[in-house]
Amino acid sequence: MIPTLRAITVTMMLCLVAVPVASSWADQPDRADPREREIRRAREHREQEMQQATRERYEDQIRTELEEKVAQEELEKKLERLQDELYDLRSEQLELRVIRQAIVSDGRLDEIEGVSRKLTQLENGIERHEFEIERLIMERERQMERRELVRMTDRLEYVTNWRDVAFGSQEAVMMATQAIVELYLMNDDPEGAAEALEKLLGQVDELGSRTAIRFALKDVYMEMDQRRRAVGHMTQIILENARALAGAAQDASPN
């Protein structure tokens, strides 16, 4: 199952916030005056709030996608069941028509009323099924239209973010990382994406870039239903960034 463009776009948004923060932790020791330190703390607090807001949007979108998927599956199952029932009703209707014709031909007029009553009941059932099937088909079309609108919105957001990516090295790393994921998954090859990203991770030292790669690996391993590996990369993000933060704090402390 290929991840939606929405999930890739939201991950990209999350990395746009997370990568600069991760890189800033590994910067030179803080020798700024108190006013500059206060400004920087306020900026970092704002970036953390942005991360939290992005994470909450991501979780809301994942939850919405799951709910829509469940609703779609239920609709398809109900539609299939009704179509099967309609087929059986029409088959029974044809059989009763043949029986009624035989009764008329044989002159068994006393049996016509009972057969005609059954035919009327069948026709009413067929009409109800046809109405419900038509309603479900219209609902399915509306769901498809909503999904297409969401895809168009995501594509617009995706393209808009290229302005930031084209002139930012960190954003370019993040976008290229997600592009690797998308290209492999277009061929239904999450294993290839995981292999390429793991190899890339071993070649990259810069903290922010490693964070972006690990976020992408998390998406790939979730797609492969390997949650343990996904959690492992999230854990490494915490540990690597925490070490960088601790090192920066130690360097900034007075001798």
Side-chain angles (χ1 to χ4, degrees), residues 1-14 54-104 112-161 178-179 181-191 193 218-227 230:
M1 177 174 53
I2 299 176
T4 61
L5 182 59
R6 174 189 295 183
I8 292 177
T9 301
V10 173
T11 301
M12 181 186 69
M13 292 166 57
L14 185 60
T54 302
R55 189 177 299 108
E56 290 175 355
R57 282 200 305 273
Y58 176 74
E59 292 172 352
D60 288 343
Q61 289 172 342
I62 292 297
R63 183 165 49 252
T64 299
E65 284 187 354
L66 180 60
E67 291 172 353
E68 290 176 351
K69 181 180 179 181
V70 170
Q72 177 69 23
E73 290 176 350
E74 290 178 351
L75 186 149
E76 294 295 340
K77 289 179 180 178
K78 186 175 182 180
L79 185 58
E80 182 178 0
R81 176 178 58 80
L82 287 172
Q83 289 172 334
D84 290 342
E85 291 176 356
L86 180 60
Y87 176 83
D88 293 338
L89 288 172
R90 284 176 172 168
S91 297
E92 189 175 354
Q93 181 189 42
L94 289 174
E95 292 176 0
L96 280 176
R97 284 178 176 175
V98 171
I99 292 173
R100 185 176 64 177
Q101 184 62 37
I103 290 173
V104 172
I112 291 180
E113 182 178 353
V115 173
S116 297
R117 188 182 307 112
K118 289 181 180 180
L119 273 173
T120 300
Q121 293 173 350
L122 280 173
E123 289 167 354
N124 290 337
I126 289 172
E127 184 177 352
R128 288 193 299 270
H129 276 69
E130 288 175 339
F131 177 82
E132 183 65 12
I133 287 172
E134 183 178 358
R135 185 189 69 81
L136 290 176
I137 290 175
M138 292 177 62
E139 176 62 25
R140 182 171 62 184
E141 291 175 351
R142 284 193 293 269
Q143 289 182 359
M144 293 174 61
E145 290 172 356
R146 287 196 294 268
R147 287 197 297 272
E148 182 61 26
L149 178 60
V150 169
R151 281 195 292 268
M152 292 174 62
T153 303
D154 288 341
R155 171 56 65 178
L156 177 60
E157 183 178 358
Y158 183 84
V159 172
T160 301
N161 283 323
Q178 289 298 329
V181 175
E182 187 174 359
L183 289 169
Y184 273 100
L185 294 184
M186 285 174 63
N187 293 321
D188 196 21
D189 185 15
E191 292 83 2
K218 181 266 298 181
D219 288 342
V220 173
Y221 284 129
M222 289 295 290
E223 179 65 19
M224 296 165 62
D225 200 24
Q226 296 186 16
R227 298 179 182 273

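Everything numeric here is computed off the predicted structure, so don't read it as measured data. The first residue in the sequence is number 1, and the count goes up from there.
Looking at residues two or more places apart in sequence or on another chain, you find no salt bridge (charged side-chain N to carboxylate O under 4.0 Å, His left out) involving K118. Residues satisfying the salt bridge (charged side-chain N to carboxylate O under 4.0 Å, His left out) criterion with E67, sequence neighbours excluded, are absent altogether. With sequence neighbours excluded, the residues that form a ring pair (Phe, Tyr, Trp, His ring centres under 6.0 Å) with Y221 are H233. Residues meeting the side-chain hydrogen bond (donor to acceptor under 3.5 Å, both in side chains) test with E148, sequence neighbours left out: R151. For the side-chain hydrogen bond (donor to acceptor under 3.5 Å, both in side chains) test, no residue two or more places apart in sequence or in another chain qualifies with R97. Qualifying salt bridge (charged side-chain N to carboxylate O under 4.0 Å, His left out) partners for E76, counting only residues two or more places apart in sequence or in other chains: R140. Residues that satisfy the salt bridge (charged side-chain N to carboxylate O under 4.0 Å, His left out) test with R146, not counting sequence neighbours, are E139. Annotation: side-chain hydrogen bond (donor to acceptor under 3.5 Å, both in side chains) contacts of R227 (sequence neighbours excluded): none. Contacts of L94 classified as side chain to side chain contact (heavy atoms under 4.5 Å, CB included), with partners at least two apart in sequence or in another chain: none. For E73, there are no side-chain hydrogen bond (donor to acceptor under 3.5 Å, both in side chains) partners, not counting sequence neighbours.
Dense packing is recorded around CD of E191, with more than 12 heavy atoms of other residues, nucleotides or ligands lying under 6.0 Å away. Within 6.0 Å of atom CE in M224, more than 12 heavy atoms from other residues, nucleotides or ligands are found, so the atom counts as buried in its surroundings.
Looking at E113 and R117, their side chains come closer than 4.5 Å, going by heavy atoms from C-beta outward. R100 places none of its side-chain heavy atoms less than 4.5 Å from the side chain of L96.
Expressed to the nearest 0.5 Å, how far CD of Q93 lies from CD1 of I126 amounts to 3.5 Å. Taking CD from Q72 and CG from L79, the interatomic distance works out to 9.5 Å, rounded to the nearest 0.5 Å. How far CG of D219 is from CD of E182: 11.5 Å, rounded to the nearest 0.5 Å. Taking CG of L75 as the start and CD of E68 as the end, the distance is 12.5 Å to the nearest 0.5 Å. In this structure, the separation between CG on L183 and CG on D189 is 11.5 Å, given to the nearest 0.5 Å.
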> salt bridge (charged side-chain N to carboxylate O under 4.0 Å, His left out) between R135 and E132: does it pass, once the steps are laid out?
Replying inline: CA-CA 5 Å; R135 185 189 69 81; E132 183 65 12; 2.6 Å; yes

> Between L66 and I62, is a side chain to side chain contact (heavy atoms under 4.5 Å, CB included) present by the stated rule, with each step listed?
Replying inline: CA-CA 6 Å; L66 180 60; I62 292 297; 5.6 Å; no

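The two residues V220 and A193 have their closest heavy-atom pair at CG2-CB, 4.0 Å.
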Listing, residues 80-89 side-chain donor-acceptor contacts under 3.5 Å, not counting sequence neighbours, or none:
residue, atom, partner, partner atom, Å
R81, NH1, E85, OE2, 3.2
E85, OE1, H129, NE2, 2.7

